[in-house]
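For reference, the structure discussed in these notes is given below.
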Amino acid sequence: MTTEENSRNEVEISIEDLDVTFHDNSGNEVRALEGVSLDIRKGEFISLVGPSGCGKTTLLRTIADLQKPTDGMIHVAGRLPREERLMQKFGIVFQQPVLFDWRTVQKNVELPLELMYYSRKDRHQRAKDMLEMVGLSDFADSYPSQLSGGMQQRVNIARAFAIRPEILLMDEPFSALDEFTKEKLHEDLLRMWRQTNKTVIFVTHNIQEAVFLSDRICVLSPHPGRLSAIVDVTLNRPRTAEMKYTPEFNSLVEKVRNSFEGGSI
């Protein structure tokens with residue numbers, strides 16, 4: 001077995017009997033997750049799938065140390081999520097790009113590097129490299145308002161990659177985009193993932209999207225959120241658009257849909 005294969009078999013995130021309970025804006029207690037246990041290997045692409053209210057985003061936020069567990073444990077590379085967050089090991093991509101209108105594309109990508117006290121030269125070169133990776137080198141001096149939604153999300157992804165995180169956490173990053181833009185970004189994301197070998201945890205409502213991108217799909221059922229199934233995606237890599245029309249792809253989509261406890265997603 002090669003060094004790379006050994007690395008990919010290494011458990012990077014260990015989740016044990018995780019419960020998360022919080023209070024909503026009305027003061028009502030919400031049990032978002034119950035008894036979730038999951039091991040995620042280094043370099044894996046994992047999707048979290050399920051209906052609204054099943055705890056997908058809560059699980060992502062808990063891994064990222066943005067939400068505290070009520071019970072159970074999470075370890076990331078053998079450490080607590082807080083330790084990993086403080087060491088800048090997480091890159092996070094939200095549904096909306098959250099770019100600063102008064103900063104150029106280049107300066108938006110440089111922002112986290114400024115906060116980490118990188119030198120001007122180093123952050124400029126790192127941001128330049130990331131913009132080249134997402135195909136936006138020609139727009140480095142543009143402002144967010146001059147870009148399409150898909151281009152803004154590319155900037156968001158470039159910014160997340162700029163800090164060279166070990167783990168990339170993505171919360172429905174393509175849900176607001178049209179299908180043509182989404183398909184292109186799927187291909188771009190997989191290309192960047194292959195180049196960098198990051199561990200990716202990807203939240204989505206879209207089963208087809210999850211099947212196309214993932215190594216494994218974790219199906220969550222709501223009220224409270226439980227891990228009802230884990231589906232291995234057996235499609236070869238690299239993935240191509242033509243795979244979406246194959247019987248194997250459709251079979252995997254049905255398998256995920258039928259794994260949801262309580263009916264169709």
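Keep in mind that the numbers below use all heavy atoms, side chains included, and drop hydrogens, waters and symmetry copies.
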Exercise. Does Arg216 come within less than 4.0 Å of Glu44, counting only side-chain N to carboxylate O?
Worked result: yes
For this session: Kindly indicate, with the supporting measurements, whether the criterion side chain to side chain contact (heavy atoms under 4.5 Å, CB included) is fulfilled by Phe202 and Leu189.
Result: CA-CA 11 Å; Phe202 188 95; Leu189 176 60; 4.0 Å; yes
Problem set entry | Electrostatic pair Glu187-Lys184, nearest N-O below 4.0 angstrom | no
Exercise. Do you know which two heavy atoms are closest between Val36 and Gly225, and how far apart they sit?
Worked result: CG2-O, 4.0 Å
Problem set entry | From CZ (Phe174) to CG (Asp178), nearest 0.5 Å | 12.5 Å
For this session: List the steps, then state whether salt bridge (charged side-chain N to carboxylate O under 4.0 Å, His left out) holds for Arg103 with Glu114.
Result: CA-CA 13 Å; Arg103 295 177 71 105; Glu114 290 179 29; 2.4 Å; yes
Exercise. Could you walk me through whether Phe90 and Val76 pass the side chain to side chain contact (heavy atoms under 4.5 Å, CB included) check?
Worked result: CA-CA 10 Å; Phe90 299 125; Val76 183; 4.3 Å; yes
Exercise. Is there a side-chain contact between His205 and Ser52 (heavy atoms, below 4.5 Å)?
Worked result: yes
Problem set entry | Over all atoms of both residues, closest heavy-atom pair of Ser47 and Ser214 | OG-OG, 2.6 Å
For this session: Using a strict 4.0 Å threshold on nitrogen-to-oxygen distance, state whether Glu166 and Lys42 make a salt bridge.
Result: yes
Exercise. Looking at CG of Leu115 and CD of Glu110, how far apart are the two atoms once the value is rounded to the nearest 0.5 Å?
Worked result: 11.5 Å
Problem set entry | Nearest non-hydrogen partners of Ser37 and Leu227, listed with the distance | O-CD2, 3.4 Å
Exercise. Taking atom NE2 of His124 and atom CG of Asp122, what is their separation to the nearest 0.5 Å?
Worked result: 11.5 Å
Exercise. For the atom pair NZ (Lys198) and CG (Leu168), what is the distance rounded to the nearest 0.5 Å?
Worked result: 9.0 Å
For this session: Please check if the side chain of Arg123 supplies one atom and the backbone of Leu113 the other of a donor-acceptor pair under 3.5 Å.
Result: no
Exercise. Is the shortest heavy-atom distance from the side chain of Ile167 to the side chain of Glu12 under 4.5 Å?
Worked result: yes
Exercise. Any side-chain donor-acceptor pair under 3.5 Å between Asp39 and Ser14?
Worked result: yes
Exercise. Does Cys218 reach the side chain of Leu38, with side-chain heavy atoms less than 4.5 Å apart?
Worked result: yes
Exercise. Do the side chains of Val200 and Met170 get nearer than 4.5 Å, heavy atoms only?
Worked result: yes
For this session: Report the C-alpha distance between Val155 and Val109 in whole Å, list the side-chain angles of each, state the deciding distance to 0.1 Å, and finish with yes or no for side chain to side chain contact (heavy atoms under 4.5 Å, CB included).
Result: CA-CA 7 Å; Val155 178; Val109 177; 3.9 Å; yes
Seminar exercise, completed: Exactly one of Leu59, Ile15, Asp71 clears side-chain contact (heavy atoms from CB on, under 4.5 Å) with Leu33, and that residue is Leu59
Problem set entry | Test: Asp188 and Arg191 ion pair at under 4.0 Å | yes
Problem set entry | Residue Lys182 excluded, over 12 heavy atoms near NZ under 6.0 Å | yes
For this session: For the residue pair Val233 and Phe45, establish whether any side-chain heavy-atom pair is separated by less than 4.5 Å.
Result: no
For this session: Establish whether Trp193 and Ile163 are linked, either directly or via other cluster members, by ILVMFWY side-chain heavy-atom contacts under 4.5 Å.
Result: no
For this session: Determine yes or no for a side-chain-to-main-chain donor-acceptor pair under 3.5 angstrom, with Gln125 supplying the side chain and Arg120 the backbone.
Result: no
For this session: Identify the two heavy atoms, one from Val211 and one from Phe249, that lie closest to each other, and give their separation to 0.1 Å.
Result: CG1-CE1, 3.4 Å
Exercise. Counting heavy atoms not belonging to Arg164, are there more than 12 under 6.0 Å from its CZ?
Worked result: no
Seminar exercise, completed: Value for CG (Leu80) from CE (Met73), rounded to nearest 0.5 Å, stands at 5.0 Å
For this session: Determine yes or no for a side-chain-to-main-chain donor-acceptor pair under 3.5 angstrom, with Arg226 supplying the side chain and Pro224 the backbone.
Result: yes
Problem set entry | Glu172 vs Thr204, side chain to side chain donor-acceptor pair (under 3.5 Å): CA-CA, chis, key distance, verdict | CA-CA 5 Å; Glu172 298 187 64; Thr204 180; 5.9 Å; no
Problem set entry | Shared hydrophobic cluster, Leu48 / Leu66 (ILVMFWY, side-chain heavy atoms < 4.5 Å) | yes
Exercise. Are Arg79 and Glu84 close enough for a salt bridge, meaning some N to O gap below 4.0 Å?
Worked result: yes
Problem set entry | Pi-cation contact, Phe212 with Lys244 (under 6.0 Å, within 45°) | yes
Problem set entry | Asp171 with Arg61: basic N within carboxylate O range, under 4.0 Å | no
Exercise. Side chain to side chain contact (heavy atoms under 4.5 Å, CB included) between Arg159 and Met130: does it pass, once the steps are laid out?
Worked result: CA-CA 8 Å; Arg159 184 172 58 188; Met130 293 303 101; over 6 Å; no
Exercise. Within the distance-only criterion (no hydrogens, no angle test), does the side chain of Glu183 pair as donor or acceptor with the backbone N or O of Phe180 below 3.5 angstrom?
Worked result: no
For this session: Check each of Met192, Met133, Gln152 against Ile157 using the side-chain contact (heavy atoms from CB on, under 4.5 Å) test, and report the only one that passes.
Result: Met192
Exercise. Does one hydrophobic cluster hold both Tyr143 and Val105, with members joined at side-chain heavy-atom distances below 4.5 Å?
Worked result: no
Exercise. Is the side chain of Thr70 donor-acceptor paired with the backbone N or O of Thr21 at a distance under 3.5 Å, no angle test?
Worked result: yes
Exercise. Side chain of Ser26, backbone of Asn28: donor and acceptor closer than 3.5 Å?
Worked result: no
Seminar exercise, completed: Interatomic distance, CG@Leu99 vs CE@Met151, rounded to 0.5 Å, equals 11.5 Å
Problem set entry | Residue pair Thr104, Asp141: steps toward the side chain to side chain donor-acceptor pair (under 3.5 Å) verdict | CA-CA 5 Å; Thr104 64; Asp141 295 326; 5.2 Å; no
Problem set entry | Within-4.5 Å side-chain heavy-atom neighbours: Val219 and Ile230 | no
For this session: Work out which heavy atom in Asn108 is nearest to a heavy atom in Phe100; give both atom names and the distance.
Result: OD1-N, 2.9 Å
Problem set entry | Check: Thr62 and Lys68 side chains under 4.5 Å, non-hydrogen atoms | no
For this session: Please answer: with hydrophobic residues joined when any side-chain heavy atoms are less than 4.5 Å apart, are Val30 and Val203 in the same cluster?
Result: yes
Exercise. So do Leu18 and Ile74 actually touch side chain to side chain, heavy atoms under 4.5 Å?
Worked result: yes
Exercise. Any donor-acceptor pair under 3.5 Å linking the side chain of Ser251 with the backbone of Pro247?
Worked result: no
Problem set entry | ILVMFWY cluster, Met243 and Ile217 together (side-chain gap under 4.5 Å) | yes
For this session: Quick one: closest heavy-atom pair of Asp232 and Leu252, and the distance?
Result: O-CD2, 3.6 Å
